[in-house]
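Sequential numbering from 1 along the given sequence is applied to the chain's residues. First listed ligand is number 1; within each ligand, the first listed atom is number 1. Both backbone and side-chain heavy atoms feed into the values below; hydrogens, waters and symmetry mates do not.
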Amino acid sequence: MSIKWRMTVWFTGMMLLMVALVLVFVFIVNKYSVTGDAKSRLIDVVEDNAEDLEFENGGFNWKRFDFYSHGVYCIACDKDGRILRGTLPFDYSGDLPFEVGAVRTISVGSDNYYVYDVYIDLELSGMWIRGVINSADSSGIAHVLTVLASSLLPSILAFSIAGGWLLGWGSFRPLTRINNAAESIVDGDDLSARINMKHGAREIRKLSQTFDAMFDRLEQSFIAQKQFTSDASHELRTPLTVILSECDRSHRKDTTPEDYQKTITSIENQAEKMSGLIDSLLDLTRLQQGTDRYPMSVCNLSAAVTDICEEFVPAQRRGISLKTDIEPDVNVRCNLRLMASCLQNLLQNAYKYGKENGHIRVSLSSHSDRVELKVNDDGIGISKEDQARIWQRFWQADTSRSVDYGSGLGLSYVHDIAQLHGGTASVSSTLGVGSTFTVTIPLNS
Ligand code: ADP
């Protein structure tokens, strides 16, 4: 059963219970109050008539005498019981002598009546006033209450059920939209589907915005995953093609031992390239998916950077000299292994894209809120438009594709390492002049 129906059934049940209780209450009150109500009205009307009856100019003034009031019938009789004025609601021929001060009950047919008499003592004679009321007379407040309760309460009940159902239906309608959007994404046919809810209840709007944000992320991650798979297979295909063509060439009949030697060297190079690529991909994926744990601790980064710079062996040195400017005892909370990989990647690039016999400068400095690690070279530089793209996976500038080792993954890794430490990686570079890469780590990371 849907929430909407459950809510409706619950509220209907509660309303029904309430109405039933109120009705039972009203009926009980009615039952006990009708009798008392009828008797007291009978006495009131009869006593009032006795008080209001005036003897003027040798006769009675009947103007203020109520022969019928509030369900009470009144008659006036002489002292012998003969009716002078008024009529009773029944043709009562039974013998009921007059009696002062007592409410009596008589039965006429299937009805019961209360009877009340008052005697007015006049100088020469006397007069009886008799009042009669049906014991089940229903013109009292209790009866009005009963009628109101039994007609109004069911209407209120019907109204509240309809209102509750409409409210539930209106409130849950947006959920159907959310559901449809989610379903079309699950089916995989439309990743760009959004709920995009502009109106409606605040809670549902908030929920839909959260879902839209989640769909955005899902779409981005699907696109990135697709891109990554196609880039990775493309990058692996190149060395594989070289290996296959080398193998093909070595099958020829006229292959000399020197040719075999060359082929093996070429295959070795390509295999190394593939192995490097796979290592880089694994590092990057582990970092991004958080499959490996990277414990952080406060480390002396100055000592670590000094050691790395001293021990670093570039793929090709090309006469480039490395200088350092390292502030001593810079302590920061970080993962030393990752920070070492980060610096090694930047150094590798600086040697790769640095100018022959050029210079590389590594500096480490601490500031009030951060630590900065900079690697500067005087190499080929990066154009303004390329500077935004160098952090993307597999991206390589056309100028640098001539360098045959490299995968376009190094800077993505640097960027992710900085991010894992709560910091940033940035570049400032001028084409043909050189580049400075800066990794900033906050001191409270
Ligand atoms: P790669 O394996 O190609 O070096 P990276 O991710 O490390 O991959 O670098 C991406 C691209 O950024 C490089 O292909 C190159 O075009 C550019 N680049 C990186 N470092 C430098 C640098 N120090 N000088 C000039 N260009 C650089």
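Under the 4.0 angstrom criterion for non-hydrogen atoms, Trp391 is not in contact with ligand 1. Residue contact check for ligand 1: Gly379 places no non-hydrogen atom closer than 4.0 Å to it.
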Would you tabulate the side-chain donor-acceptor contacts of residues 9-28 under 3.5 Å, counting partners in other chains and residues two or more places apart, or write 'none'?
from, atom 1, to, atom 2, distance (Å)
Thr12, OG1, Thr8, O, 2.5

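Checked by distance only, ligand 1 and Gly408 come closer than 3.5 Å through their nitrogen or oxygen atoms. At under 3.5 Å, not a single nitrogen or oxygen of Ile390, backbone or side chain, sits near a nitrogen or oxygen of ligand 1. Every N/O-N/O distance between Ile380 and ligand 1 stays at or above 3.5 Å. Geometrically, ligand 1 and Ser412 share no nitrogen or oxygen pair separated by less than 3.5 Å.
When the options Leu411, Val414, Asp386 are ranked by their closest heavy atom to atom 5 (P) of ligand 1, first place goes to Leu411.
Of the heavy atoms in Lys352, only side-chain atoms (C-beta onward) come closer than 4.0 Å to ligand 1. Only side-chain heavy atoms of Ile382 come within less than 4.0 Å of ligand 1; its backbone N, CA, C and O stay farther off.
Ser266 is linked by a side chain to side chain donor-acceptor pair (under 3.5 Å) to Glu246, counting only residues two or more places apart in sequence or in another chain.
A donor and an acceptor atom, one from each side chain of Lys355 and Asn357, are nowhere located under 3.5 Å apart. A donor atom on one side chain and an acceptor atom on the other are found under 3.5 Å apart for Asn112 and Ser107.
The aromatic ring centroids of Tyr114 and Tyr116 lie 6.0 Å or more from each other.
With Leu364 as reference, Val330 is the one residue of Val330, Val332, Leu343 to meet the side chain to side chain contact (heavy atoms under 4.5 Å, CB included) rule.
Atom numbering of ligand 1 starts at 1 in the shown order; those under 4.0 Å from a heavy atom of Leu409 are 6 (O), 8 (O).
By the neighbour-count criterion of 12 heavy atoms within 6.0 Å, atom NE2 of His367 is densely surrounded, having more than that number from other residues, nucleotides or ligands.
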